Trainee: 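First, the structure itself, so that you have it in front of you.
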2 protein chains.
Amino acid sequence: MSWSRHGGGGTERRGYHHGNLREALIEAAVSLIAAKGPAGFTIAEAARQAGVSPAAPYRHFRDADALLGEVALRGFERLEAALTRAWANGTPAPVPAFEAMGRAYLGFARDEPAYYAAMFEAHVPREAAPGLQSAGDRAFAVLREAAERLAAVAPKERRPPALMMALHVWSMAHGIASLFVRPDPSRRKLPMTAEELLEAGVLIYLQSLGLAGGG
Amino acid sequence: MSWSRHGGGGTERRGYHHGNLREALIEAAVSLIAAKGPAGFTIAEAARQAGVSPAAPYRHFRDADALLGEVALRGFERLEAALTRAWANGTPAPVPAFEAMGRAYLGFARDEPAYYAAMFEAHVPREAAPGLQSAGDRAFAVLREAAERLAAVAPKERRPPALMMALHVWSMAHGIASLFVRPDPSRRKLPMTAEELLEAGVLIYLQSLGLAGGG
DNA sequence: CGAATCATGTAAGAGGCACTCACATGAGCT
DNA sequence: AGCTCATGTGAGTGCCTCTTACATGATTCG
């Protein structure tokens, strides 16, 4: 039992029972995904890092998808927090705050690749973890509420449905993150940073609605 | 040797040698990915469908990534063809032709989910198949050239870099395809079709450049 | 305080897959 | 006909997922 004595990996082990195996497995999953991509993660390896036998994780997660789903869920919570922070309730002004949210989205994809991968690349079924779907909804809601606020200050005759604005911006941000922030066979070199690309795109879009600069 | 007699699957088998195993494996991979997602594809299962032993595929592909990479390569070729057809060299007019390209992109994601998944979701390394990177480049080039043509008819003072336009539109189309055309934990119901969403987004964007309707 | 209970961990194992290597087959060339 | 080489087979290694029966010890309750 090489795994039962000293606990090797991240979290300490105090006896036959681990003490906090569930959390330790989630941490291990995050670090494995960060290191080797979502496909490089295995239950067996996570168990090894946590210092338990390969069967132990099944006491806490039905299967690999459930563990990955838990990582994705926490990712959505973190993204929601990051977007909320960036939006800062629309301060100092709605348009720059909106731009800040875009940067926050790309920053999240860049800085938390493991969470991002679990959320968008691992293709975890929505029902893999309870609350996963709603965590995703809450993250989107931040963007949507910001869009409502923005739409409210647009000239009436150009005012678009806020939900549509939110979907457009989310799509562009997500597309840029997927194509240019993360490695991909279709990836190409950009003549600018991903953040600049998104900012320019959003500005052009908002101009059309009478919300930014040269509208 | 259940596999050596009649060849069961798609392609006929005439003896000890298959005759066209390489193609048969690619077809099998496409149908498997379509049926069970990119993770549901295995070399062993593809071999089974082709009616050969599990070791045979390795005579034609270094590993699973190489086979998946070949599928992705062909996907980029098909996408390039679809985009070229939709753009129709800018006829009848650049803006509607551009919109048609957007619809073609989403149509591709919807109608060829196996190819789309191999291209964008399987995370095949760019070097997995020779020519994969350049096939991706060629597909993007169609969009880029269309953007050049569009930019050329924009009012000079608003004319954006064509490459940037192409990147913006590609990103939005790809984001919409990823988030709303294909299943995903973050997927949500749309108040409109994906095609309508993209068309509206592109129109708003182009308006800002003096290229569409109410600019 | 001591015993029953139950959550949590282990051992063992069935079944599957990726990939390798030595060997078999037969297609195409001379 | 005989050679040669691409292509396919069989067998095997090592790793993975997930299951089942059993072990351990924290907790609860008489």
Side-chain angles (χ1 to χ4, degrees), chain A residues 1-9 11-26 28-29 32-33 35-70 122-125 128, chain B residues 1-9 11-26 28-29 32-33 35-70 122-125 128:
Chain A
M1 302 122 212
S2 56
W3 53 69
S4 59
R5 265 299 147 242
H6 56 2
T11 321
E12 285 313 313
R13 174 92 183 266
R14 284 184 298 282
Y16 186 96
H17 289 290
H18 181 285
N20 203 4
L21 182 53
R22 187 181 163 87
E23 288 301 317
L25 289 170
I26 293 170
L32 281 172
I33 299 168
K36 306 190 291 184
F41 150 81
T42 66
I43 292 261
E45 180 68 26
R48 224 168 280 133
Q49 281 201 14
V52 296
S53 80
Y58 295 92
R59 293 292 176 193
H60 299 273
F61 300 97
R62 168 184 300 280
D63 56 20
D65 270 352
L67 176 43
L68 232 33
E70 182 66 31
H123 304 108
V124 174
Chain B
M1 292 118 258
S2 56
W3 53 69
S4 58
R5 264 297 148 244
H6 56 2
T11 321
E12 285 312 313
R13 174 93 184 264
R14 284 184 298 282
Y16 186 93
H17 288 290
H18 181 286
N20 203 6
L21 182 53
R22 188 182 163 85
E23 288 302 315
L25 289 170
I26 293 169
L32 281 172
I33 299 168
K36 305 191 290 182
F41 151 81
T42 65
I43 292 261
E45 180 68 26
R48 225 168 280 134
Q49 281 201 14
V52 296
S53 80
Y58 295 92
R59 293 293 177 192
H60 298 273
F61 299 97
R62 168 186 300 281
D63 55 20
D65 270 352
L67 176 43
L68 231 33
E70 181 68 30
H123 304 109
V124 175

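Note that this is a predicted model, so its numbers are computed, not measured.
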Trainee: Measuring from the side chain of B/D63 (C-beta onward, heavy atoms only), which nucleotide among C/dT10, C/dT20, C/dC19 has the closest atom?
Mentor: C/dC19
Trainee: With sequence neighbours left out, write down each residue that passes side chain to side chain donor-acceptor pair (under 3.5 Å) with B/R22, or none if nothing qualifies.
Mentor: B/E70
Trainee: Mind calculating the distance between CZ (A/R62) and P (C/dT8) to the nearest angstrom?
Mentor: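 Those two atoms, CZ and P, are 16 Å apart.
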Trainee: Rounded to the nearest Å, what distance is computed from the CZ atom of residue A/F61 to the P atom of nucleotide C/dT8?
Mentor: 12 Å
Trainee: For B/A44, which contact category applies under a 4.0 Å heavy-atom criterion: base, sugar-phosphate, or nothing?
Mentor: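 The residue B/A44 makes sugar-phosphate contact but no base contact.
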Trainee: Expressed as a whole number of angstroms, how long is the span from A/L21:CG to D/dG25:P?
Mentor: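 Answer to the nearest Å: 16 Å.
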Trainee: Can you tell me how far the CZ atom of A/R48 sits from the CG atom of A/L32, to the nearest 0.5 Å?
Mentor: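 Going from CZ on A/R48 over to CG on A/L32, the span is 9.5 Å.
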Trainee: Using atom NZ of B/K36 as one end and atom C1' of C/dC17 as the other, report the distance to the nearest whole Å.
Mentor: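 Distance, rounded to whole Å: 12 Å.
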Trainee: CG of B/L67 to NE2 of B/H60: how many Å apart, nearest 0.5 Å?
Mentor: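 It comes to 11.0 Å.
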Trainee: Could you give the CG-to-P distance, from A/L67 to D/dC18, as a whole number of Å?
Mentor: 11 Å
Trainee: Give the rounded distance in Å between these two atoms: CG of A/D65 and C1' of D/dC18.
Mentor: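 The answer, rounded to whole Å, is 13 Å.
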Trainee: Looking at A/L68, is its backbone amide N or carbonyl O close enough to the side chain of A/D65 to form a donor-acceptor pair, meaning the two atoms are under 3.5 Å apart?
Mentor: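 Judged by distance alone, no pair lies under 3.5 Å.
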Trainee: Please determine, for the side chain of A/H60, which listed nucleotide (D/dG10, D/dC18, C/dG9) has the closest atom?
Mentor: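 In terms of side-chain proximity for A/H60, the closest of D/dG10, D/dC18, C/dG9 is C/dG9.
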Trainee: Between D/dG8, D/dC18, C/dT10, which nucleotide has the shortest distance from any of its atoms to the side chain of A/Y58?
Mentor: D/dC18
Trainee: Quick one: A/L25 CG to D/dC18 C1', roughly how many Å, whole number?
Mentor: 15 Å
Trainee: Consider the side chain of B/R48, meaning its heavy atoms from C-beta on, and name the nucleotide among D/dG8, D/dC18, C/dC17 that approaches it most closely.
Mentor: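 So the nucleotide nearest the side chain must be C/dC17.
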Trainee: Reading DNA chain D from 5' onward, which residue's closest nucleotide shows up sooner: A/E45 or A/R59?
Mentor: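 Result: A/E45.
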Trainee: Whole angstrom is fine here: how far is it from NE2 in B/H18 over to P in D/dT7?
Mentor: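 Interatomic distance, NE2 of B/H18 to P of D/dT7: 13 Å.
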Trainee: Nearest to the B/T42 side chain among D/dT9, D/dT17, C/dC17, which nucleotide is it?
Mentor: C/dC17
Trainee: Calculate, to the nearest 0.5 Å, the distance between atoms CD and CG belonging to B/E23 and B/L21 respectively.
Mentor: 10.0 Å
